[in-house]
Amino acid sequence: MFLFLLVAMVVVVTAVTLAVIGGGDREVLPETAPEQLVDPLPATRPVGRADIEALRLPVAPRGYRMADVDEVLARLGAELAERDSRIAELESTLAGAQATAVARPDLFKNPGAEDQR
């Protein structure tokens, strides 16, 4: 009986070992192609909120692919810098227009309505 259990245990251990190792020329897990960024940010127009919400970065074995993340962050940084510049330009133009309006109190008077006293 002991000899039978010993032979059975050797057979089971050998079968498990062969199953784990692969047991031959075939691969246990086939290699997969790395994921690529499917839908990058649009190059022909400014990035919108919907573009950011729809963006899905591909996952690599150790997290996200650094090249894709760097590309997205660089594009978003450029977009934010451009928008900040445009906002500063518009605020400067508005401040100039307000200063002109304050300096000329007659600016908002009706041109056809003269003082008729």
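Here the structure is a predicted model, which is why all the values come from computation and not from measurement.
- Judged by distance alone, the side chain of Ser85 and the main-chain N or O of Ala81 form no donor-acceptor pair under 3.5 Å.
- The two residues Arg83 and Gly48 come nearest to each other via the heavy atoms NH2-N, 4.5 Å.
- A distance of 5.0 Å separates CZ of Arg49 from CD of Glu53, quoted to the nearest 0.5 Å.
- Between the Thr100 side chain and the Gly96 main chain, a donor and an acceptor come within less than 3.5 Å of each other.
- Note on Tyr64 and Leu73: same hydrophobic cluster, where clusters join Ile, Leu, Val, Met, Phe, Trp and Tyr whose side-chain heavy atoms are under 4.5 Å apart, directly or indirectly.
- Of the candidates Val12, Leu6, Val11, Leu5, Leu6 is the only one forming a side chain to side chain contact (heavy atoms under 4.5 Å, CB included) with Met9.
- Taking 4.5 Å as the limit, every side-chain heavy atom of Leu57 sits out of range of all side-chain heavy atoms of Arg65.
- In this structure the side chain of Ile52 never reaches within 4.5 angstrom of the side chain of Val72, judged on heavy atoms.
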Step by step, work out the salt bridge (Lys or Arg N to Asp or Glu O under 4.0 Å) result for Glu82 and Arg86.
-> CA-CA 6 Å; Glu82 183 179 325; Arg86 180 70 176 144; over 6 Å; no

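- Considering every non-hydrogen atom in both Glu79 and Arg45, the closest pair reads OE2-O, 4.3 Å.
- Across all their heavy atoms, Arg75 and Val47 have their closest contact at NH2-CG2, 3.6 Å.
- Residues Asp68 and Pro58 approach most closely at OD2-CG, 3.2 Å, considering heavy atoms.
- With rounding to the nearest 0.5 Å, the separation of CG in Asp84 from CD in Glu89 is 13.0 Å.
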